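Notes to accompany the following structure.
Predicted model only: the values in this text are computed from it and were never measured. In what follows, every chain begins at residue 1, and chains take the letters A, B, ... in the order their sequences are listed.
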Amino acid sequence: MGRILPRNFYDRETEVVARDLLGAVLETATPHGRTSGMIVETEAYIGEHDAACHAAAGRTQRTEPLYGKPGLAYVYFIYGVHWCVNAVTRREGLPSAVLIRALEPLDGVELMRTRRGTRARDTDLTNGPGKLCAALGIDGSMNGLSLQHRPIAIREGESIPAEKIETTARIGITRAADWQLRYLVRGNPWVSRTPKALRNAPPE
DNA sequence: TCGAAGATTGTCT
DNA sequence: GACAATCTTCGAG
């Protein structure tokens with residue numbers, strides 16, 4: 001098992017952290033057991049000037065973790081149904097975070113299947129932010145926790161070569177939708193499917 | 001295989 | 001009261 005990523009890993013530009021998190025291993029340990037997966041897709045959300053970032057609404061009770069120290073977990077509830085997990089970063093004074101969008105399952109696949117429902121196919125277990133939270137048992141109780149120890153942590157994993165990393169526009173947002181801040185491992189079967197809306201995204 | 005629409009609740013205007 | 005960093009189901013092609 002790789003070492004747990006140190007706090008200063010997160011204390012860099014958010015885009016760099018988002019790219020470097022590809023290949024790292026997210027793991028959770030609850031009374032039900034241990035589950036882990038390799039991160040294959042991320043998105044960067046950068047400060048109050050980023051209209052798609054929750055911090056654009058300013059410092060509120062909800063966004064409080066974004067203003068905390070790098071290396072914290074920011075977990076929020078969306079659409080009345082799903083949880084999504086972020087790693088808080090720091091780009092000099094900006095409330096920023098990296099959304100974990102997809103994982104390739106490693107340990108505890110059976111437990112993931114139990115939590116997700118037995119009908120889910122292997123590749124449907126963790127290929128989306130809401131899905132991976134369900135599979136790993138992540139919910140609001142983990143909001144604001146450190147990513148350096150149980151019940152939730154991120155470890156050093158594979159190093160992904162630059163030519164395998166693809167950059168696209170972010171998904172599922174309406175504001176600043178053309179910013180190229182989504183990072184994914186090209187060709188990995190667990191990456192969430194790209195909506196058609198991305199087709200007219202400007203290359204730069 | 002693809003596109004459209006509903007679910008459901010916390011948060012902010 | 002509107003809307004959201006999503007997922008699932010359902011119907012058409």
Side-chain angles (χ1 to χ4, degrees), chain A residues 10 14-15 17-19 21-22 26 37 39-68 72-91 94-105 112-144 147 152 154 166-184 189-201:
Chain A
Y10 302 95
T14 305
E15 300 95 313
V17 176
R19 211 165 47 225
L21 276 176
L22 295 178
L26 174 64
I39 297 169
V40 297
E41 182 179 348
T42 61
E43 281 178 4
Y45 287 86
I46 306 172
E48 297 176 354
H49 70 285
D50 178 355
C53 183
H54 287 174
R59 186 168 188 162
T60 67
Q61 186 171 9
R62 182 203 204 189
T63 59
E64 193 59 31
L66 292 175
Y67 292 80
L72 296 183
Y74 170 49
V75 183
Y76 66 90
F77 194 55
I78 192 66
Y79 294 111
V81 187
H82 304 288
W83 294 99
C84 295
V85 63
N86 298 245
V88 174
T89 64
R90 174 69 66 169
R91 189 166 76 169
L94 295 178
S96 311
V98 175
L99 170 68
I100 313 295
R101 286 195 56 89
L103 301 176
E104 176 175 333
M112 292 187 202
R113 186 179 301 284
T114 301
R115 293 201 273 227
R116 288 273 295 127
T118 51
R119 299 194 342 207
R121 296 171 16 177
D122 276 18
T123 49
D124 287 333
L125 241 33
T126 55
N127 63 338
K131 295 179 187 177
L132 72 89
C133 282
L136 298 207
I138 296 171
D139 62 23
S141 69
M142 296 186 187
N143 188 33
L147 290 167
I152 181 169
I154 300 180
E166 197 168 334
T167 305
T168 77
R170 293 175 293 184
I171 292 188
I173 57 175
T174 55
R175 291 165 293 186
D178 58 337
W179 291 20
Q180 305 289 298
L181 291 175
R182 174 177 178 240
Y183 303 89
L184 57 91
W190 278 270
V191 168
S192 70
R193 209 158 135 330
T194 300
K196 208 172 163 187
L198 280 186
R199 70 194 143 163
N200 46 10

Should [X] and [Y] count as side-chain neighbours, where that means a heavy-atom distance under 4.5 Å?
| X | Y | value |
| --- | --- | --- |
| Ile46(A) | Glu15(A) | yes |
| Trp190(A) | Thr123(A) | yes |
| Thr42(A) | Val17(A) | no |

>> If I take atom OG from residue Ser192(A) and atom CZ from residue Arg182(A), how far apart are they, to the nearest 0.5 angstrom?
In response: 4.5 Å

> CG of Leu66(A) to OH of Tyr45(A): how many Å apart, nearest 0.5 Å?
Replying inline: 12.0 Å

In terms of side-chain heavy atoms of [X], which of [options] is nearest?
| X | options | value |
| --- | --- | --- |
| Arg175(A) | dA5(C), dT11(B), dC7(C) | dA5(C) |
| Arg62(A) | dT11(B), dG10(B), dA5(C) | dT11(B) |
| Phe77(A) | dG10(B), dT8(C), dC12(B) | dG10(B) |
| Ala57(A) | dC12(B), dT8(B), dA4(C) | dC12(B) |
| Tyr79(A) | dT8(C), dT11(B), dT6(C) | dT6(C) |
| Thr60(A) | dA5(C), dC12(B), dC7(C) | dC12(B) |
| Pro129(A) | dA5(C), dC12(B), dC7(C) | dC7(C) |
| Lys131(A) | dA4(C), dT8(C), dT6(C) | dT8(C) |

Over how many whole Å does the gap from [X] atom [atom1] to [N] atom [atom2] extend?
| X | N | atom1 | atom2 | answer |
| --- | --- | --- | --- | --- |
| Tyr74(A) | dA5(C) | OH | C1' | 9 Å |
| Leu132(A) | dA5(C) | CG | P | 16 Å |
| Leu125(A) | dC7(C) | CG | P | 13 Å |
| Ile46(A) | dA5(C) | CD1 | P | 16 Å |
| His82(A) | dC7(C) | NE2 | C1' | 4 Å |
| Leu99(A) | dA4(C) | CG | P | 16 Å |
| Arg121(A) | dT8(C) | CZ | P | 12 Å |
| Ile78(A) | dT6(C) | CD1 | P | 7 Å |

>> Checking base pairs now: Watson-Crick or wobble, both atom distances under 3.5 Å. What partners dT8(B)?
In response: none

> Watson-Crick or G-U wobble partner for dA5(C), using a 3.5 Å limit on both distances?
Replying inline: none

> Side-chain N or O of Arg182(A) less than 4.0 angstrom from OP1 or OP2 on dA5(C)?
Replying inline: no

>> Applying a 4.0 Å non-hydrogen cut-off, can you work out what Ile173(A) is touching in the nucleic acid: base, sugar-phosphate, or nothing?
In response: sugar-phosphate

> For Gly80(A), which contact category applies under a 4.0 Å heavy-atom criterion: base, sugar-phosphate, or nothing?
Replying inline: base

>> I'd like the P distance from dA2(C) over to dG6(B), given in whole Å.
In response: 16 Å

> Given the P atoms of dG3(B) and dA5(C), what is the spacing between them in whole Å?
Replying inline: 22 Å

>> Tell me which one of Lys131(A), Arg101(A), Arg19(A) satisfies salt bridge (Lys or Arg N to Asp or Glu O under 4.0 Å) with Glu41(A).
In response: Arg101(A)

